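Inspection log for the structure reproduced underneath, given as structure tokens.
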Amino acid sequence: MMRPQSRGGRPRTAAVNDRRRQGSLFRQVYDRIRHGIAAGSMRPGDRVPSARGLASELGIARGTVEEAYQLLVAEGYVVRRGAAGSFVADGVAMEAVLSRRPVARPRRAAPAMPASVSVRHDRDALPFQLGVPALDAFPKGQWSRIVARHARRLDATDLCYPDPLGLPRLRENIARYLTLSRGVACTAEQIVVTGGFQGALGLTARTVLEAGDEVWLEDPGYTIAHHPLAAAGARLSFVPVDREGLIVPAGEKQARTARLALVTPSHQFPTCVPLSLPRRMALLAWARRSGAWIIEDDYDGEFHYAGRPLPALKSIDRDDRVLYAGSFSKTLFPGLRLGYVVVPAELLGHFVDAIKMADTTAPAFLQSVVATFMEEGHFGRHLRRMRSLYGARRAALIGALKATFGPRLDVVTSGGGLHLLARLPPRVRDTTIGRLGASRGLALHTLSPHCRGTTPQHALILPFTNVRERMALQVAQRLARAIGAHLADAIGRNGRHT
């Protein structure tokens, strides 16, 4: 496959949440919605999220969103219909909107195509099972009703081959959601629906990489991502991570001509540190200079509990070098195996070619169900409930661990994410602790296997999503019974060696 050509251009270094460079927060909300209308991801008659809901989503005051909505109403972009909510106005003059501010559109439309970690499989997840959201809080009743409704309405089009790029309705809903909630300005034409994040990563690797190309990977990092990259013939370069995330100068020193970088900027996996703004700008500048691409794995960017979250890396990408990848595994449930990637305009045609050779399309029926779930507002409400629930479960587990272990475990907290990191005392191997926990029925995951080029770090990765508040102390005590004696002995030995 012909490799897509790189582009030049001067970098623009504006940050979404920098008041000095992009104005007040209400103006940013206003711009997001107006951009969604102009780009076509929000069409006349579409419901606009409630001020309360969007404020919760963005971590800002409700009054700020109200101020933006008032301006949108005053300018004729949005109409309010009382208790029914706010909607994109009918007959909005798109040309007028576009003339006021340029909106990025794909330069190359996708050509038309003919229709054509170890994981447990038990019914119940064990405490600390990685990658499992709060399945006990999933709205099964609402989901089942939508599934049944779609099953009753099956017709010939539902039984034919699905659109290889993904169901148009779902792509429209994803584009609208990303524009509003993550600040990712995109159109439905740029969305490619895949079989989970692994499907998105494999498709991207086949599209932009040639055998022998180097790829930056975070170290420690998400080891399962290595497989599709290696299968594409890539040479993996492990770039160290510190308290500000990926160390860009280290990557340039190790593999300056790398073709691709895979990063988790919202909450780095597994250390949970966010990629700082200076590092984000350095990474984007590297990609622009070298003609490289960046895959942003925003696996849990929706979940933030303290302070205002940093925007998606894609939202400050002015040179269109970032491919934004997400999935519904953490926001809905992993059994869906449904993901997506926002493709830069330059790569759209190449993605179509790659899909022709290796179809990665997810089942159309499930795509249709998710599209309806989003259209009817259930997705947004579910995310708001999960943020509140996870915040409470996180706080409960932190308190229980500190009460049970005291200084024997150094529980590292961060503003967001879906797991905690508990660093162990010196000379304590986390893999040993992991085996002890497994003997007590705890699905302990450890940090050191995720370290490849750097000195192994020893810590426990402790997801809190499936540890209910009322069970937090019991689970912490169960962990103490499994590993407490080993920790005490190790601490005693360390003291004698001092």
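It should be emphasised that the depicted structure is a prediction, and the values quoted were computed from it without experimental measurement.
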- Query: Given side chains that start at C-beta, do those of F238 and H226 come closer than 4.5 Å, heavy atoms only?
  - Reply: yes
- Message: Any side-chain to backbone donor/acceptor pair from R408 onto F405? Under 3.5 Å, distance only.
- Response: yes
- Residues L389 and A137: closest non-hydrogen pair is CD2-CB, 3.6 Å
- Query: Is the NZ atom of K402 crowded by more than 12 outside heavy atoms at less than 6.0 Å?
  - Reply: no
- Query: Relative to the ring of H378, is the ring of F373 parallel (under 30°), tilted (30 to 60°) or perpendicular (over 60°)?
  - Reply: tilted
- Message: Test salt bridge (charged side-chain N to carboxylate O under 4.0 Å, His left out) on D136 and R393; report intermediate values, then the result.
- Response: CA-CA 13 Å; D136 59 294; R393 290 186 175 184; 2.7 Å; yes
- Message: Between R318 and S315 (side chain of the first, backbone of the second, donor and acceptor by atom type, cut-off under 3.5 Å), is there such a pair?
- Response: yes
- Hey, is the main chain of D320 close enough, under 3.5 Å, to the side chain of D317 for a donor-acceptor pair? yes
- Compare all side-chain heavy atoms of R440 with those of R481 and state whether any distance is below 4.5 angstrom. yes
- Are a donor atom and an acceptor atom from the side chains of D298 and S266 found within less than 3.5 Å of each other? yes
- Item | Flag, side chain of W293 to backbone of V208, donor-acceptor distance under 3.5 Å | no
- Message: Are the side chains of V132 and Q129 in contact, using a 4.5 Å heavy-atom criterion?
- Response: yes
- Query: Which atoms form the tightest heavy-atom contact between I33 and M42, and what is the distance?
  - Reply: O-SD, 4.1 Å
- Query: What's the spacing between D242 CG and I247 CD1 if we round to 0.5 Å?
  - Reply: 4.0 Å
- Using the salt bridge (charged side-chain N to carboxylate O under 4.0 Å, His left out) rule, take R289 and E252 through it: C-alpha gap first, then chi angles, then the decisive distance, then the call. CA-CA 11 Å; R289 288 193 308 269; E252 292 185 283; 2.7 Å; yes
- Query: S276: what forms a side-chain hydrogen bond (donor to acceptor under 3.5 Å, both in side chains) with it, not counting sequence neighbours?
  - Reply: E244
- Query: Could you give the distance from CG (L260) to CG (L323), rounded to the nearest 0.5 Å?
  - Reply: 8.0 Å
- Apply the test side chain to side chain donor-acceptor pair (under 3.5 Å) to residues S237 and Q254: give CA-CA distance (whole Å), side-chain angles for both, the deciding distance (0.1 Å), then the verdict. CA-CA 7 Å; S237 181; Q254 291 175 207; 3.1 Å; yes
- List the steps and the verdict of side chain to side chain contact (heavy atoms under 4.5 Å, CB included) for D297 and L262. CA-CA 7 Å; D297 177 10; L262 172 61; 4.2 Å; yes
- Message: In the structure I gave you, are the side-chain heavy atoms of L462 and L401 within less than 4.5 Å of one another anywhere?
- Response: yes
- Message: Does any part of the side chain of L246, heavy atoms only, come nearer than 4.5 Å to the side chain of W216, both counted from C-beta?
- Response: yes
- I would like to know whether Y324 and L313 meet side chain to side chain contact (heavy atoms under 4.5 Å, CB included); could you show each step before the answer? CA-CA 8 Å; Y324 179 96; L313 179 66; over 6 Å; no
- Item | Residue pair D219 / C451, side-chain heavy-atom distance below 4.5 Å | yes
- For Y299 and F197, run ring-ring contact (aromatic ring centres under 6.0 Å, His included): C-alpha distance rounded to whole Å, both residues' side-chain angles, the deciding distance at 0.1 Å, then the answer. CA-CA 8 Å; Y299 70 100; F197 171 72; 8.8 Å; no
- Task: Identify the two heavy atoms, one from I461 and one from H419, that lie closest to each other, and give their separation to 0.1 Å.
- Result: CG2-CD2, 3.6 Å
- Query: Of all heavy-atom pairs between C186 and A175, which one has the smallest distance, and what is that distance?
  - Reply: SG-CA, 3.9 Å
- Item | Those residues that, when tested against T271, pass side-chain hydrogen bond (donor to acceptor under 3.5 Å, both in side chains) (two or more places apart) | Q268
- dist D300:CG -> T331:OG1 (nearest 0.5 Å) comes out at 11.0 Å
- Separation of L275 CG from R279 CZ (nearest 0.5 Å): 7.5 Å
- Does the side chain to side chain donor-acceptor pair (under 3.5 Å) test come out yes or no for Q198 and R337, once each step is laid out? CA-CA 9 Å; Q198 292 291 310; R337 305 307 300 153; over 6 Å; no
- Measure the spacing between OG1 of T223 and CG of L217 and express it to the nearest 0.5 Å. 10.5 Å
- Message: According to ring pair (Phe, Tyr, Trp, His ring centres under 6.0 Å), who are the partners of F138, at least two apart in sequence or on a separate chain?
- Response: W143, F333, H382
- Message: Looking at S448, is its backbone amide N or carbonyl O close enough to the side chain of T446 to form a donor-acceptor pair, meaning the two atoms are under 3.5 Å apart?
- Response: no
- When you measure from the side chain of R235 to the backbone N and O of D213, does any donor-acceptor pair fall under 3.5 Å? no
- Query: Is the H450 to F269 ring centre distance short of 6.0 Å?
  - Reply: yes
Contacts under 3.5 angstrom, residues 47-54 side chains, donor-acceptor by atom type, not counting sequence neighbours:
from: R47; atom 1: NH1; to: A84; atom 2: O; distance (Å): 2.4
from: S50; atom 1: OG; to: G53; atom 2: N; distance (Å): 2.9

- side chain to side chain contact (heavy atoms under 4.5 Å, CB included) between F303 and L418, worked out: CA-CA 7 Å; F303 302 109; L418 298 174; 3.6 Å; yes
- Message: Going by the rule side-chain hydrogen bond (donor to acceptor under 3.5 Å, both in side chains), which residues pair with E469 if we only count those two or more places apart in sequence or in a different chain?
- Response: none
- Given side chains that start at C-beta, do those of D319 and L284 come closer than 4.5 Å, heavy atoms only? no
- Message: salt bridge (charged side-chain N to carboxylate O under 4.0 Å, His left out), that's the test. Do R435 and D430 meet it? Break it down for me.
- Response: CA-CA 9 Å; R435 287 193 294 270; D430 57 4; over 6 Å; no
- Note on the structure: Smallest heavy-atom separation, A354 atom then L203 atom, equals CB-CD1, 3.8 Å
- Item | Exam field: side chain R243 to backbone V273, donor-acceptor pair closer than 3.5 Å | no
- Side chain of R321, backbone of R288: donor and acceptor closer than 3.5 Å? no
- Item | Minimum heavy-atom distance P270-G221, with the two atoms named | CD-N, 3.9 Å
- Query: Under 6.0 Å between ring centres, would you say that holds for F464 and F128?
  - Reply: no
- Within-4.5 Å side-chain heavy-atom neighbours: L444 and L479: yes
- Task: Just jot down the side-chain hydrogen bond (donor to acceptor under 3.5 Å, both in side chains) partners of R169, sequence neighbours excluded, or say none.
- Result: S368, T372, E375
- Taking atom CZ of R387 as the centre, does the number of heavy atoms from other residues, nucleotides or ligands within less than 6.0 Å exceed 12? yes
- R171 (side chain) donor-acceptor with V193 (main chain) under 3.5 angstrom: no
- Task: Spell out, as yes or no, whether a donor-acceptor pair under 3.5 Å connects the side chain of S439 to the backbone of L436.
- Result: yes
- Does the ring center of Y390 lie less than 6.0 Å from the ring center of Y305? no
- Kindly compute the distance separating CZ (R259) from OG1 (T257), expressed to the nearest 0.5 Å. 10.5 Å
